[in-house]
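What follows is one structure encoded as structure tokens, with my remarks underneath.
Just follow the structure's listing: the first ligand is 1, and inside any ligand the first atom is 1.
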Amino acid sequence: QAKICAILPRRSCFSRKSSSNPTKRQIVAANVDTVFLVSGLDRNFSPRRVERYLVAAAESGAEPVIVLNKTDLCDAVGDAVKAIQVITESVPIHTTSSSEPDGLNQLEVYLRHGRTVAFLGSSGVGKSTIINFLLGSNRQETQSVRQRDQRGRHTTAHRELLVRSKGGVIIDTPGMRELQLWDSDRALESAFDDIDVFSQACRFRDCQHQTEPGCAVRQAVSDGQLTTDRLSHYHQL
Ligand SMILES: Nc1nc2c(ncn2[C@@H]2O[C@H](COP(=O)(O)OP(=O)(O)OP(=O)(O)O)[C@@H](O)[C@H]2O)c(=O)[nH]1
Ligand SMILES: [Zn+2]
């Protein structure tokens, strides 16, 4: 028989819109310390998607760590890393491959005792493979990527909180795997803290940095302090 002894305050949480009531939010995972944002460096690699995951991480309150997996399938790992460095200066970036333990071992530091980690990333990027490595056993069942579309098969069927004997807890739930953006206005700003800084000087507090007069963000672009790419990424999101 289970007994609730204490309810800890919520330091961070991932949530999504409830499917039955879209105005309600549903908590998917709470008190995650580190969230790994996993991409595969095969031909579906998209810095834009990483940006979206950074938004989700920022709104959760968990510390993001970017993982670029499948380096063995990419001839230009350095270029991929540079494309991510343009998006963020402060978030750690790790390159990994299932055939190279060195990169994967670097993820161990985020799994100290008492720390909780979770994973965000498209289907087939290698989340289960990385989790298996960190667990040191074949805890998760993985299936081969379907040939046509490079997507893996969803093999995780139920809620799972995996306690590592070496320290740390891994949350791997279907909810995390299907996460959608929520509450994005606030989070958008923190994922774009450079734009945030310039926008303090915009004439209008609700400036969208489009055609408003006195927009300090567009001024920063014309002064060369901010790239056009950066601003258009902001507008796309
Ligand atoms: N070449 C290569 N293949 C990898 C690597 N990591 C994982 N894979 C393969 O990619 C496929 C998908 O890996 P998974 O770990 O199941 O991916 P996932 O992100 O958990 O996928 P979902 O369960 O669908 O969310 C499997 O066939 C893995 O063996 C890697 O670094 N290099
Ligand atoms: Zn503005």
Side-chain angles (χ1 to χ4, degrees), residues 28 35-46 49-50 53 66-75 77 80 94-107 117-135 137-160 162 170-180 185 188-189 192-223 225-226 228 230-232 234-235:
V28 171
V35 60
F36 293 111
L37 312 178
V38 188
S39 297
L41 287 188
D42 39 13
R43 53 193 165 87
N44 282 328
F45 175 60
S46 158
R49 195 182 299 125
V50 176
Y53 285 126
I66 294 168
V67 177
L68 305 179
N69 190 39
K70 305 199 186 186
T71 54
D72 55 302
L73 298 181
C74 177
D75 296 329
V77 176
H94 293 277
T95 52
T96 59
S97 162
S98 54
S99 53
E100 268 294 327
D102 284 0
L104 287 164
N105 275 326
Q106 289 173 15
L107 305 182
V117 306
F119 291 77
L120 286 179
S122 310
S123 182
V125 296
K127 298 181 297 296
S128 303
T129 307
I130 295 170
I131 291 169
N132 282 342
F133 179 89
L134 293 170
L135 289 172
S137 68
N138 276 2
R139 180 67 185 73
Q140 304 281 106
E141 203 185 315
T142 59
Q143 290 182 10
S144 290
V145 168
R146 288 190 294 269
Q147 287 303 318
R148 288 283 293 276
D149 57 6
Q150 292 200 319
R151 290 165 68 88
R153 309 266 294 279
H154 285 282
T155 52
T156 315
H158 51 91
R159 194 163 291 264
E160 286 186 86
L162 310 162
I170 298 171
I171 293 181
D172 182 26
T173 64
M176 279 302 285
R177 287 179 182 237
E178 291 152 16
L179 206 73
Q180 286 183 356
D185 277 2
L188 210 63
E189 286 172 20
F192 287 90
D193 42 12
D194 48 351
I195 289 181
D196 216 17
V197 167
F198 290 115
S199 72
Q200 306 285 311
C202 290
R203 185 177 306 164
F204 302 106
R205 201 146 49 88
D206 60 350
C207 184
Q208 301 294 303
H209 324 309
Q210 304 270 18
T211 55
E212 295 90 342
C215 173
V217 173
R218 278 184 301 115
Q219 186 61 47
V221 172
S222 32
D223 293 347
Q225 291 175 279
L226 204 64
T228 319
R230 186 75 183 137
L231 182 57
S232 60
Y234 176 88
H235 283 141

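- Between Val35 and Leu120, some side-chain heavy-atom pair lies under the 4.5 Å cut-off.
- Residue Lys70 places at least one N or O, backbone or side chain, under 3.5 Å from an N or O of ligand 1.
- Between Phe36 and Leu107, some side-chain heavy-atom pair lies under the 4.5 Å cut-off.
- Each of the following atoms of ligand 1 lies closer than 4.0 Å to a heavy atom of Leu73: 1 (N).
- Under a cut-off of 6.0 angstrom, the local environment of CG in Asp75 is sparse, with at most 12 non-hydrogen atoms contributed by other residues, nucleotides or ligands.
- Close approach to Asn69 involves these atoms of ligand 1, each under 4.0 Å from a residue heavy atom: 5 (C), 6 (N), 31 (O).
- Within His209, the N, O or S atom lying nearest to the Zn ion (ligand 2) carries the name ND1.
- Scanning Val38, Val125, Thr129 for the heavy atom closest to atom 28 (C) of ligand 1 points to Thr129.
- To the nearest 10 degrees, the Zn ion (ligand 2) sees SG of Cys202 and SG of Cys207 at an angle of 120°.
- Listed by atom number, the atoms of ligand 1 under 4.0 Å from Ser97 heavy atoms are 31 (O).
- Put simply, the side chain of Lys127 gets close to the backbone of Ser122: a donor and an acceptor are under 3.5 Å apart.
- Proximity of Glu212 to Arg203: side-chain heavy atoms (C-beta onward) are nowhere separated by under 4.5 Å.
- Side-chain atoms of Val28 and Thr173, non-hydrogen and from C-beta on, do get closer than 4.5 Å to each other.
- By the 4.0 Å heavy-atom criterion, Gly124 is counted among the residues contacting ligand 1.
- Side chains of Ser39 and Arg49 form no contact here, defined as non-hydrogen atoms less than 4.5 Å apart.
- Contact between Ser122 and ligand 1 is present, with at least one heavy atom of the residue lying under 4.0 Å from the ligand.
- In terms of polar-atom proximity, Lys127 is counted as a contact of ligand 1, with an N or O under 3.5 Å from an N or O of the ligand.
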